[in-house]
Structures are given as structure tokens and as C-alpha cells.
Amino acid sequence: MAPMTAPDLRTALADLLAFYAGAGIDVALGDAPRDRFAEAAREAERRSPLPPPDLPAAARPGPDGPHRFPTAPPPRRTAPVDEPAAAPAPLPPEAAVMAARQAAREAASLDELRAILERFDGCALKTTASRLVFADGAPDARLMLVGEAPGAEEDRQGKPFVGRAGQLLDRMLAAIGLDRTKVYIANIVPWRPPGNRTPTPQESAICLPFITRQIELVDPDVLVFLGGFAASSLTGTRDGILKTRGRWLTYRAGDRDIRAMATLHPAYLLRQPLQKRLAWRDVLAVKRALAERETLQ
Ligand code: URA
């Protein structure tokens with residue numbers, strides 16, 4: 001086969017990357033960081049014909065020792081002095097959930113919760129995401145919306161719902177006279193899953209204590225779950241979103257009951273625009289619930 005020319009190679013690589021992107025693979029990272037320099041140094045040491053310098057003189061080749069290696073394998077050096085400390089082993093899932101519960105309980109304000117999340121290392125998604133996507137909007141909002149997890153644009157900007165789905169959400173809010181200065185928006189999982197995959201049950205279990213504490217601290221009058229993932233994570237329902245949406249539920253936040261409704265996720269509405277009529281009904285019901293609360297106050 002004729003060797004590939006540089007332009008052919010570029011085209012082949014571009015095609016391969018486009019294929020990966022189409023399959024949702026858009027990060028070249030594993031879950032845990034790898035120190036390839038240290039790996040290469042270890043491999044070079046393993047292949048080296050020289051025995052390590054800490055062998056007794058008798059075993060060393062050269063003028064003051066026999067030109068042979070000991071029959072027993074040389075003692076293995078543990079971590080070379082200049083090797084950087086290995087990344088801490090991830091917590092087992094149950095321990096991570098316990099740690100998350102304890103950490104979230106300690107937050108007395110949203111600012112404290114954000115700081116605690118910034119320090120929390122129990123969720124592996126933190127290692128592949130660019131940044132924490134904590135929330136957007138007004139901390140004293142009467143309406144709080146909860147989505148699934150940040151996507152690529154959210155990961156870049158550090159704010160939830162700022163991509164195409166977020167722009168549709170903004171239009172839905174505008175239709176009932178609301179904007180981001182009057183609502184509070186967060187996600188079940190505050191770090192972007194690689195390739196925008198759905199968070200695993202384990203990842204959502206680890207992140208759940210933080211969003212439940214966030215809801216307690218915002219203490220809204222009305223809560224909206226955007227999509228089936230948020231609805232099932234916060235209510236435990238196994239029903240699909242087309243069954244769950246549009247019905248008033250009671251969400252227990254600490255010692256308070258909050259009126260809650262699940263609706264269709266804006267990303268789903270972008271793919272299924274005919275379903276916007278269902279979301280429109282839900283949005284109007286939310287508007288009425290907020291107005292009813294206002295007249296009661
Ligand atoms: N989808 C979500 O569920 N959350 C975001 O922040 C963006 C897209």
C-alpha cells in the first residue's frame with residue numbers, strides 16, 4: 001500500500017474525529033488523571049540493563065564487583081523520589097454518598113454550599129469537567145427549576161442552561177413574564193458528564209445530597225423538574241416523563257412541603273417540537289400556582 005501523504009493523513013484524522021464526535025466522544029480523558037511522564041520513567045527503569053544503584057558493591061558490575069547480576073531479582077524500588085504523588089484513590093460509592101450527605105448538611109448558605117462543592121472530590125465527574133456549574137438566577141426566587149447535568153456550553157461558561165436548550169428555556173420563562181433575575185436554576189449533577197452522557201445512578205446518588213440541600217436553602221414556592229432524570233432523581237418515581245409531567249406533586253424539603261411539577265426537558269422539546277404544546281400547559285400551570293401563592297401572601 002502506498003504511504004499516505006500528509007493531506008490524506010489530515011483528512012483521515014479529521015474523519016476519525018468527526019466519527020468520534022458523532023458518537024458523542026468529545027473528550028480524550030479517562031476518569032482519573034494519568035502521569036505519563038512517571039509511567040515512561042518507570043518503564044525505562046524496568047527495561048534498563050543496569051541494576052539499581054542501591055545494590056551491594058559485590059552485585060554491581062564494574063571494577064569493584066563481579067560482571068554478573070545477582071540471581072535473585074533486584075529489590076524493587078518503591079516510588080522514585082521525584083515521582084509526583086499518585087492521585088488519591090476514588091472513594092467507594094457508598095462512602096462518597098455518605099461524605100456528600102455530611103458535607104451538604106454543613107452548608108448554612110448557598111455560598112457555603114458552593115464552596116463545599118468546589119472542595120468535594122467524591123464524584124469522578126469533577127475530574128473530566130472543566131468547572132463546577134452550580135446555579136444561575138436569584139437565590140431568593142419563588143420559582144426554582146432543576147435540570148439534569150451541564151452540557152458543553154454550560155461547562156465552558158460555568159452556568160446552567162446557557163446552550164440551545166437553555167435559550168428555549170429562557171423563551172418559555174419569558175412567555176410567563178419571568179427571566180433569570182426572577183428564577184433560580186440548577187442541575188441534579190453539577191459537573192458535565194463526558195460526551196453529555198446521562199449521569200450514572202452512582203453519580204446522581206453522590207450529587208443528590210447537594211441539590212436537595214440547595215432546594216432547602218433556596219426554599220422556593222414552586223419547584224419545576226426539567227425532564228425525567230430530574231423528576232425521578234428527586235421524587236423516586238420510575239414512571240416516564242410523559243406520565244409524570246403536568247401533575248402537581250409535593251416535594252418535601254427539610255420540614256417544608258413545596259409544590260412541584262415535572263415538565264418536558266427543553267432539549268427534548270428541541271428534538272420533538274410538537275410536544276411544546278404539553279410544556280406550554282405546564283408552564284401556564286406554574287404561572288397560575290405562583291399567582292395563587294401571591295394572593296395568599
Ligand atoms: N441540560 C440540563 O439538564 N442542564 C443544563 O444545564 C443544560 C442542559
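In this chain, residues are counted from 1 in sequence order. Just follow the structure's listing: the first ligand is 1, and inside any ligand the first atom is 1.
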For this session: Walk me through it: do Arg293 and Arg259 pass the test side-chain contact (heavy atoms from CB on, under 4.5 Å)?
Result: CA-CA 10 Å; Arg293 272 296 291 220; Arg259 291 192 85 185; 5.8 Å; no
Let's go through Thr181 and Asp179 carefully: what are the C-alpha distance in whole Å and the side-chain angles of both, what is the deciding distance for side-chain hydrogen bond (donor to acceptor under 3.5 Å, both in side chains) to 0.1 Å, and is it a yes or a no? CA-CA 5 Å; Thr181 64; Asp179 61 29; 2.5 Å; yes
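The shortest N or O to N or O distance between Pro150 and ligand 1 is not under 3.5 Å.
Nearest-heavy-atom check against atom 2 (C) of ligand 1 across Gly227, Ala149, Gly163 picks out Ala149.
Remark: distances from the non-hydrogen atoms of Ala267 to ligand 1 are all 4.0 Å or more. Taking a 4.0 Å cut-off on heavy atoms, Lys159 fails to register as neighbouring ligand 1.
Which parts of ligand 1 touch His265 is read off a 4.0 Å heavy-atom cut-off, strictly below it: atoms 1 (N), 2 (C), 3 (O). Atoms of ligand 1 found under 4.0 Å from any heavy atom of Gly147, numbered from 1 in the order shown, are 3 (O).
Taking the six-membered ring for Trp and thresholds of 30 and 60 degrees, His265 and Phe161 have ring planes inclined between 30 and 60 degrees apart.
By the criterion of a heavy-atom distance under 4.0 Å, the side chain of Glu154, and not its backbone, is placed next to ligand 1. The backbone and the side chain of Pro160 each have at least one atom closer than 4.0 Å to an atom of ligand 1 (non-hydrogen atoms only).
Of all protein heavy atoms, the one closest to atom 4 (N) of ligand 1 is Asn187 OD1, 2.9 Å.
A 4.5 Å side-chain heavy-atom check between Phe134 and Gln214 finds at least one atom pair inside the cut-off.
Grouping the Ile, Leu, Val, Met, Phe, Trp and Tyr side chains by contacts below 4.5 angstrom, directly or via other members, places Val133 apart from Phe120. Hydrophobic cluster membership differs between Val283 and Val146, with clusters built from Ile, Leu, Val, Met, Phe, Trp and Tyr side chains linked at under 4.5 angstrom.
The local environment of CZ in Arg252 is crowded, with over 12 non-hydrogen atoms from other residues, nucleotides or ligands closer than 6.0 Å.
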